[in-house]
Chemist: 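Below: one structure in structure tokens.
No experiment lies behind these values; they were computed from the predicted model shown. Letters A, B, ... are given to chains in the order of the sequence lines, protein chains preceding strands, and every chain is numbered from 1.
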Amino acid sequence: MLMTILRRLGQTLFVLTGISVLVFGVFFATPGADPTARIAGRNASPQTMAQVRHEYGFDRPLPVQYATMMKKLFVTRDLTSYVDRGEKVVPEVFKAAPVTLSLVTGAAIIWVVVSITMGTLAAALRGSWVDRGLMMLGLIGISMPVFWVGQVANLLSQSRYHDTIVFRWVPALGYVPFTESPWGWFKALVLAWITLAILFIGLYSRVLRADLIAVSGEDFMRTARAKGLSPTRVLLRHGLRTSLVTFVSLFGMDFAQLVGGGALLTEVVFGLQGVGRLTYQALTNLDLPLIMATVMYSAVFVVIANALVDMVYIVLDPRVRDGRA
Amino acid sequence: MRRRAAIFFAAMVPVCAAQAAPGGTLRLTAHAIGSTLDPHIAYLQLQLQVSATVYDGLMTYPKAAGPVTGGAIPDLADVRPVPQDGGLTYVFHLRDGVRFSNGKAVDVEDVAASFRRMFKVHGPTAGSYFGVLVGADACLKDAEHCALAGGVVADPAQHTVTFHLTRPDPDFLNQLGFAQAAIVPADTPAHDMGNEAPFGTGPYRYVRYSPNGGMTLERNPYFREWSHEAQPAAYPDRIEYRFGLDEEAEVSAVENGQYDWMGDGVPLDRLGEVGRRYTDRVTISDFPNIYYLALNVNEAPFNDVRVRQALNYAVNRHAMVIHEGGEALAQPACQMLPIGLAGFEPSCAYTVGAAPDHPAHAWKAPDLDRARALVRASGTAGQTVVIVAPAGATYLAIATELRSTLESLGYVASVRGINQAVQFTYIQNSANHVQAGLTGWIADYPAPAAFVQTLFSCASFHPRSDNSINMSGFCDPAIDALMDRAGTVSMTDMPAGLALWAQADRAIMEKAPAVPLTQIRRIDFVGPRVHNVVVSPVYQLLLSQLQVR
Amino acid sequence: MRSSSSLPPGPWAVAIRALARDRASLVSVGVLALMVLASLMAPLYARYVSRTDPFLSNVAGQVQIDGRAVDIMQPNDNPLHLGLSPIGPTGRGAYLLGADSQGRDVAARLLYGGRNSLLIASAAALLCVVMAGVVGIVAGFFGGVVDAVLSRIMDIMWAVPVYLFAISLSIVMVSQGLTIGPFTITSDNLLIPIVIIAIVYVPYAARPIRGRVMALRNSEFVLAARGLGVPSARILLRDILPNVTGTIVVLAPLLTALALLTESALSFLSIGVQAPAASWGTIIQDGEGLIYTRPLVAVAPGLAIVIVVLALNVLGDGLRDALDVRETSRRGH
């Protein structure tokens, strides 16, 4: 058991190192990415350029630069941005984290509640028009580009119908910290929550329905029904509990990906300064230190979640070990 | 009827304005994120606008509306010094009683230390503007031990600072007026201060700052107005500046009074609504800028002057104006000196019925026949041209328009969008072999040299460097000599000097190393709570002068 | 299984018959065929109906409506003369859906955009399936070190949220193009989004294939073949490949749907299809700047995406039921 966990830890470290080397390498292979001129400023003289290059160590060998950057990121935690001289990137990431967490948590609550309701209902009424209708709705949810849904939501709530009773309460785009005003926080986020949740509602309700139907054919379900329990009760008490294992592991991965920056399109459309948007900004500015910090942050989340899900599986069922990579 | 009422209302506003008292909190919003607060390094527009209320230099530009015609004016110095020794020596006498926001009085040692600091922190303009100082060469080689020995001499007894130059520099006083020549306390650490602002002398001081979140400024308790023109006393007690909203959201927020001013221009699809419903809250103002397509004179097909001229003839500058939001917000540009700048003389060589030897007064329409004839003569039709543009919507639209023009001249043209942060340095590096780069130029200080000499002199072309602001790689010794002469003459005879600058502008346009496209206007949109909008061509809207109702 | 395929009717014939009975799948195929056909008609539409070049800026131009010349960019009615708005939907051949901010015909661009979006999505899905097939089969069949190495590489890709991964690759490739030996792919080449999208979904598609291959490898008939001394290559070709085809066929429409969504997201962020070419994503991006005055420019391509992706998902469902393959793919966000 301990060996398995240690091996898993080793793999995790390997994956994180791999990602950081990749990001570093790709950055320095990109023409125009040399940050010296941007750090030195507009119309700087060649001597100033040379000095900046030396000060930032851009004239040293790449492995040395890589080691220095990793040390500054993880050990001394004083890595500074290339675009914004003097700006420390680690606090920047941690400042964006609560925004993303607020967005993803709210959306997750919505999608879990709605998809369980939808999935169970559809499974219970299998084959009926309710089932078909709900599953079609789910498919439509999966088929909409999230940024487009956000844009249409903004169009309706900020412009077209902003002056009507339905959307008068919608505040200007942007984030309001929970500590500043809980109600303002809720109002600023609720449309973004729904937008982000739509895809997952579709996905999860369909997965849950399929699992419930698969489970209903299993022996213990037949036994329960044979014992005279009502079908609804069997479905809820036994079927749902069993099906939720898949559901929970799916959820773990998706939640981690979103917290790690996967919600960037929603963040961009709704003007939320979260981790995803920060990563996107860092990428468009080719700001290597910030790219490195955000990508590592994201990877840590996903890899840990991945490992957790795997370990839960190992604990629950050793046979699965080879099934998941 | 309705429209007339709006104008009537607009006329009423200044009447109420006269009674406003200082006080209140100004709430501002911008999309961009901030940069370092260090005044010796910061060079982004957003930062320069704010730092104008926090820092002062020896010289400055008038903090008032209307074009700058007379050059820099004294700020921490009490009079504009007269150059001595044929332009090699400048003696500044400091004002008495000016204090930093930590209470310390400004003395001559602070001034000398500030100039040393510019080199120590590798300020962008240290080399390009102050490399002429005696001792600057040593500082550029070894910044850490920079002494500027013999270059900047402080005399505490006389309360003077003397600058010694290695050669006369006609723009020296103008460059001292640029924000990066700010004076900070002598004991300011000699490294990029990042998010910690050094103490300044202006009416505000930074109290909180996060580059992605925003900034808060409060009154500098030690500020007393010494010159209304150089650094006027401020109205609001406090400035809250938030970053990150996109332009559409900014407009809505300012319309609804959630913010008092937006740092960005109004996006094109909201102009109609803003112009119609909030006419009295909009201020449109001119400032010296030029948007242009830099043509690389060292790459085919633009190494042939006929091709460069042909493109100048063919470009539909009216369409360019439409891309910028119409005639109220932009005007066609036909030369590299902007309208409103001293030295500007209207001259359009490339329009129907005009030519470099008999320019028209203004641009009228493209001359495609002439353009096609020039391309035919050059024998370059059919070649490939790639326009490198910043990846922003307006830039890309303009680049696509230029692509259409090039195609109609017979070239195989395409557009390459590169993200804005990189494009500006990318097109400067001759190693990237960019044929044509779309860009804009807002000079550091309003003088003809900061446009034509900075952009087209041999000295600002550095092959294979990311910092080579002469993107065309243009170098013409005769024109260089003409510009040098214009600078020298300006030091003693301003009108004659300006006439020479106009001549240099025409000479450059004859060689056509660039296609000037438009000169844009600033649009400032304020919320319902504020008034007294004063827009300076150098510092943009003067934040300290807004009054909160 | 091998023996069952020799009995009439074969599993494929059964699947096709099942699919043909599924009304939803048939409708989907019809919708997809219609969309592809409409997109292929783009040049004809531009030439004979809209009569404009949808790739040239036309802000200073005019269009004839009821014999009257109308400016394509119309000055706004306000005292300050601020801004211009592109002409709205005309309900006629020219500018049926109005113009975008560069004065181009939105309807014509929508058709051309469909060509690029559909091409990129299907090519990316195909490429992805091929790569994932190779990776999944090799990893699953050979196991051991090969599997470990491939799985770790997949782990690295898996550890970055898929859109973030695609965006990172796009920003690098779009800014510099791609040079492999003597071949240079410029930034406006459609191969760039195709390759990027294919790469990022490889782990998603390779996993179920690998799982299926592993299951097959340990199945009785493969073990039996091994025991008889049949060479690996032969086992791969004769026993493994035909049996993972079902998994791959079910994956294909789902991957195409994912690829279409990803392409539109990349183009929306201006790092997919490059100007002046169009895709549905770039048109949504163009429309973002007009959302307050001409919302149709952004709404119409979005609807097109929803319709196509929905049809692909329904088809994927139908195929899965017909081929009796369990739900296999996860998706990004």
Chemist: Are any of the side-chain nitrogens in B/D38 or B/R117 under 4.0 Å away from the carboxylate oxygens of its partner?
Modeler: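 Answer for the salt bridge query: yes.
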Chemist: Looking at every non-hydrogen atom in both residues, tell me the closest pair between A/E92 and B/P211 and how far apart they are.
Modeler: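 Minimum heavy-atom separation between A/E92 and B/P211: OE1-CD, 4.4 Å.
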Chemist: For residues B/L37 and B/M215, report the shortest heavy-atom separation together with the two atoms involved.
Modeler: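 For B/L37 and B/M215, the tightest heavy-atom pair comes out as CD2-CE, 4.5 Å.
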Chemist: Measuring heavy-atom distances to chain A, does B/L140 have an atom under 4.5 Å in its side chain, in its backbone, in both, or in neither?
Modeler: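 Both backbone and side chain.
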Chemist: When only heavy atoms count and the cut-off is under 4.5 Å, which of residues 181-190 of chain A reach chain B?
Modeler: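 Heavy-atom contacts from residues 181-190 of chain A to chain B are absent.
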Chemist: Against chain A, label B/S465 side chain, backbone, both or neither, depending on which of its atoms sit under 4.5 Å from a heavy atom there.
Modeler: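 Answer is side chain: those atoms of B/S465 sit under 4.5 Å from chain A.
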Chemist: Using heavy-atom distances under 4.5 Å, tell me whether B/H191 contacts chain A through its side chain, its backbone, both, or neither.
Modeler: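 For B/H191, neither part sits under 4.5 Å from chain A.
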Chemist: Go through the atoms of B/D142 and report whether side chain, backbone, both or neither lie under 4.5 Å from a heavy atom of chain A.
Modeler: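 Answer is backbone: N, CA, C or O of B/D142 sit under 4.5 Å from chain A.
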Chemist: Could you tell me which non-hydrogen atom of A/L272 sits nearest to which non-hydrogen atom of A/A192, and how far apart they are?
Modeler: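 Taking every non-hydrogen atom into account, CD1-CB, 4.1 Å.
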Chemist: Does the pair B/E255/B/R270 count as a salt bridge with the N-to-O cut at 4.0 Å?
Modeler: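 Here B/E255 pairs with B/R270 in a salt bridge, since their nearest N and O are under 4.0 Å apart.
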Chemist: Given heavy-atom pairs under 4.5 angstrom as the criterion, report whether the side chain, backbone, both or neither of A/Q51 touches chain B.
Modeler: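 When you check distances to chain B, atoms from both the backbone and side chain of A/Q51 fall under 4.5 Å.
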Chemist: Please determine, among A/P91, A/P46, A/S45, A/A44, the option with the most heavy-atom pairs under 4.5 Å with chain B.
Modeler: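 Heavy-atom pair counts peak at A/A44.
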Chemist: Quick check on B/F243 against chain A: is it the side chain, the backbone, both or neither that has a heavy atom closer than 4.5 Å?
Modeler: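 Looking at B/F243, nothing touches chain A.
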Chemist: Atom SG in B/C139, atom CE in B/M118: separation rounded to 0.5 Å?
Modeler: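 B/C139 atom SG to B/M118 atom CE measures 11.5 Å (nearest 0.5 Å).
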Chemist: Has B/Q45 got more than 12 heavy atoms of other residues, nucleotides or ligands less than 6.0 Å from its CD?
Modeler: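 Yes, because the 6.0 Å sphere around CD of B/Q45 holds more than 12 heavy atoms from other groups.
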Chemist: Answer yes if the side chains of B/D171 and B/N174 hold a donor-acceptor pair under 3.5 Å, and no otherwise.
Modeler: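 The answer is yes; a qualifying pair exists.
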Chemist: Quiz question: by atom type and distance under 3.5 Å, do the side chains of A/Y66 and A/S20 form a donor-acceptor pair?
Modeler: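 Present: a donor and an acceptor within the cut-off.
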Chemist: Where is the tightest heavy-atom contact between B/N432 and B/Y426, given as atom of each residue plus distance?
Modeler: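 Shortest heavy-atom separation between B/N432 and B/Y426 comes out as ND2-O, 2.9 Å.
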Chemist: Ring-plane angle category for B/Y278 and B/F525, please: parallel below 30°, perpendicular beyond 60°, tilted otherwise.
Modeler: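 Geometry flag for B/F525 against B/Y278: tilted rings.
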Chemist: Measuring heavy-atom distances to chain B, does A/L278 have an atom under 4.5 Å in its side chain, in its backbone, in both, or in neither?
Modeler: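 Looking at A/L278, just its side chain touches chain B.
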Chemist: With chain A as the partner, which of B/L44, B/I442, B/D246, B/T454 has the greatest number of non-hydrogen pairs under 4.5 Å?
Modeler: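 The candidate making the most pairs under 4.5 Å is B/I442.
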Chemist: For B/N429, which atoms come within 4.5 Å of any heavy atom of chain A: side chain, backbone, both, or neither?
Modeler: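 Neither part.
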Chemist: Taking heavy atoms only and a threshold strictly under 4.5 Å, list by residue number the residues of residues 69-77 of chain A that touch chain B; give 'none' if the list is empty.
Modeler: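 None at all.
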Chemist: For the backbone of A/T36 and the side chain of A/D34, can you confirm whether one donor and one acceptor N or O come within less than 3.5 Å of each other?
Modeler: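 Here the side-chain-to-backbone pair exists.
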Chemist: Out of curiosity, A/I291 CD1 to A/T279 OG1, how far, rounded to the nearest 0.5 Å?
Modeler: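 Reported value, rounded in 0.5 Å steps: 9.0 Å.
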Chemist: Can you classify the ring geometry of A/Y56 versus A/F58 as parallel (below 30°), tilted (30 to 60°) or perpendicular (above 60°)?
Modeler: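 A/Y56 and A/F58: parallel rings.
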